> 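One structure, pasted below without further comment.
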Amino acid sequence: MIKKLLNTAKKYDIVRKSIQIKGGFYMLISVDAGKDMTKACIKENGNYITERFTSKIYNLEEGGDTIAAGNTYKVKYKNNEYLIGDSGTKRNHTTSKTDEINKLCQYVAITRFITPNTRHKIDLITGCPATIFKNADLKEEYRQNIFDDGKVDIEVDGKKYFFEFERIRIRPEGAGITVLRPDLFLNKNTLVIDIGGQNLNVILFDDMVPNVNKMFSKNAGGITIEQSLINSFESEGIENITNAIIRTAISNKYLKNDIISREDTSKKINEEISKYIEANILEELNKNNINKELYDVVFIGGTSFMLMDYLNNYFKDAIFMFNMEESQFANCKGFYEMGSLE
């Protein structure tokens with residue numbers, strides 16, 4: 001399998017956006033429907049074409065009409081109307097992905113690459129938390145939630161899309177990077193820590209082979225540390241702090257305000273992030289009998305990149321992606337390559 005991966009990679013450098021077949025068009029699409037953000041991609045002429053939007057939903061049937069602002073899609077599906085994206089109000093805050101939010105985010109992501117009013121057969125490859133992947137029943141439940149009856153008729157921003165699933169393949173979140181960077185895994189023992197917006201996934205690889213017994217997930221992604229910092233600063237009397245403001249503060253290593261000093265905000269950020277790393281990463285590794293010193297450590301996911309300077313204090317030789325884009329799309333692009341090679 002490894003030799004096949006390396007020897008045939010160039011064969012798939014040029015992948016058409018869609019291939020016409022009897023009854024419509026066939027397309028391979030990769031979707032990483034995270035709890036914070038949905039990422040999706042295809043590959044055309046050797047280049048990735050990507051899409052992303054916030055994984056939030058607002059059911060117009062329950063709350064009346066509202067304004068779609070930012071990167072938001074107005075969706076009609078099975079006699080219900082939704083806003084999906086920035087104007088959504090509801091997220092899934094658990095490690096489960098068997099819900100309407102995940103399903104609709106998957107569907108909307110697919111429509112970003114296909115032609116309206118045209119039949120498509122979709123070969124979908126997508127990810128799920130490690131704890132779901134290693135449980136056959138939960139993995140099948142997740143696949144079936146997306147598949148539904150196999151045929152999807154959906155309207156997005158006034159345009160009608162029709163597609164049916166040729167197949168749906170599920171891969172564990174955190175595994176995509178193995179195909180993008182095989183040099184980090186071949187003949188090595190590698191620990192992948194994938195910190196997204198909502199979930200944290202950990203997988204051990206021995207020469208590119210995942211150790212299913214040692215993979216786990218936790219509902220402790222970036223939103224966890226952001227909320228912790230919001231609560232901490234609000235206790236100091238600083239009001240109206242948003243998640244976006246906190247992300248800027250983490251990047252700057254201080255919070256701009258008129259109540260406490262820059263030095264004190266910097267100290268508080270460092271303390272809260274240190275507590276987060278110790279409680280949600282180091283302790284969980286110990287609970288699962290994983291000695292990080294025995295492995296090459298690779299971090300992916302948007303939150304990993306955001307916390308890189310802080311994580312380096314605990315993982316001295318850890319490898320990070322080159323930029324936020326690569327870190328966020330590591331799974332999505334990797335899943336696409338897996339789908340091309342299998």
Side-chain angles (χ1 to χ4, degrees), residues 29-41 50-60 62-63 66 68-77 80-113 124-133 142-143 145-146 148 152 154 156-157 161 168 170-174 176 194-201 217-227 242-244 246-247 300-306 324-325 327-333 335-336:
I29 299 178
S30 172
V31 179
D32 177 12
K35 303 297 179 60
D36 182 52
M37 181 177 291
T38 295
K39 286 83 64 181
C41 74
T50 62
E51 293 285 344
R52 75 180 83 193
F53 54 88
T54 306
S55 302
K56 294 195 296 185
I57 188 172
Y58 179 75
N59 191 331
L60 293 170
E62 296 177 359
T66 189
N71 187 20
T72 298
Y73 302 101
K74 191 168 185 177
V75 177
K76 292 183 180 180
Y77 178 69
N80 286 305
E81 294 188 45
Y82 307 89
L83 293 180
I84 295 177
D86 293 343
S87 294
T89 57
K90 181 181 178 183
R91 296 182 189 269
N92 182 340
H93 291 287
T94 71
T95 55
S96 171
K97 285 199 173 183
T98 308
D99 57 35
E100 196 74 358
I101 300 175
N102 181 272
K103 175 192 290 188
L104 289 173
C105 285
Q106 297 267 0
Y107 291 175
V108 170
I110 290 170
T111 67
R112 300 306 83 201
F113 302 107
L124 175 67
I125 185 161
T126 188
C128 70
T131 49
I132 293 177
F133 181 81
Y142 173 53
R143 191 196 70 82
N145 182 63
I146 301 170
D148 204 352
V152 179
I154 190 170
V156 181
D157 289 343
Y161 298 88
I168 298 175
I170 312 295
R171 297 294 177 266
E173 293 171 356
D194 175 7
I195 314 177
Q198 185 71 41
N199 291 337
L200 180 153
N201 289 280
S217 305
K218 187 175 182 182
N219 185 16
I223 293 175
T224 299
I225 182 60
E226 290 167 19
Q227 191 57 54
T242 66
N243 290 75
I246 283 296
R247 286 192 287 271
I300 62 171
T303 299
S304 290
F305 193 81
M306 181 175 70
M324 178 64 82
E325 175 84 5
S327 201
Q328 288 181 327
F329 274 88
N331 279 318
C332 189
K333 292 178 179 180
F335 293 157
Y336 188 92

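These numbers come from a predicted model, not from an experiment.
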> Considering the options T126, L200, I300, N201, which one meets the side chain to side chain contact (heavy atoms under 4.5 Å, CB included) requirement together with E173?
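Result for side chain to side chain contact (heavy atoms under 4.5 Å, CB included) with E173: N201.
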> Using side-chain heavy atoms (C-beta onward) and a distance below 4.5 Å, is M37 in contact with F53?
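Side chain of M37 against side chain of F53, heavy atoms only: no contact under 4.5 Å found.
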> Can a side-chain donor-acceptor contact be found between D194 and N331 if the only test is distance below 3.5 angstrom?
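Looking only at side-chain atoms, D194 and N331 do form a donor-acceptor pair, the distance falling under 3.5 Å.
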> Going by the rule ring pair (Phe, Tyr, Trp, His ring centres under 6.0 Å), which residues pair with Y161 if we only count those two or more places apart in sequence or in a different chain?
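Per chain and number, Y161 pairs via ring pair (Phe, Tyr, Trp, His ring centres under 6.0 Å) with no residue.
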> Taking the side chain as every heavy atom from C-beta outward, state whether K76 and Y82 have any atom pair closer than 4.5 Å.
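Contact flag for K76/Y82 side chains = no.
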> Just jot down the salt bridge (Lys or Arg N to Asp or Glu O under 4.0 Å) partners of D157, sequence neighbours excluded, or say none.
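Once residues adjacent in sequence are excluded, D157 has no partner under the salt bridge (Lys or Arg N to Asp or Glu O under 4.0 Å) criterion.
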> Please examine the side chains of E226 and N243, heavy atoms only from C-beta on, and report whether any two atoms are closer than 4.5 Å.
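Side chain of N243 against side chain of E226, heavy atoms only: contact under 4.5 Å found.
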> Would you kindly say whether D86 and T54 are connected by a side-chain donor-acceptor distance under 3.5 Å?
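There is such a pair between these side chains.
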> Consider only side-chain N and O atoms of S55 and T38, and report whether a donor and an acceptor are under 3.5 Å apart.
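Looking only at side-chain atoms, T38 and S55 do form a donor-acceptor pair, the distance falling under 3.5 Å.
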> Would a 4.5 Å heavy-atom cut-off, applied to side chains only, mark Y107 and Y77 as touching?
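A side-chain contact exists here, since the closest heavy-atom pair is under 4.5 Å.
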> Within the 4.5 Å heavy-atom criterion, are T50 and E325 side-chain neighbours or not?
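Sidechains of E325 and T50: in contact.
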> Would you say the side chain of C41 lies within less than 4.5 Å of the side chain of F335, judging by non-hydrogen atoms?
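Contact flag for F335/C41 side chains = no.
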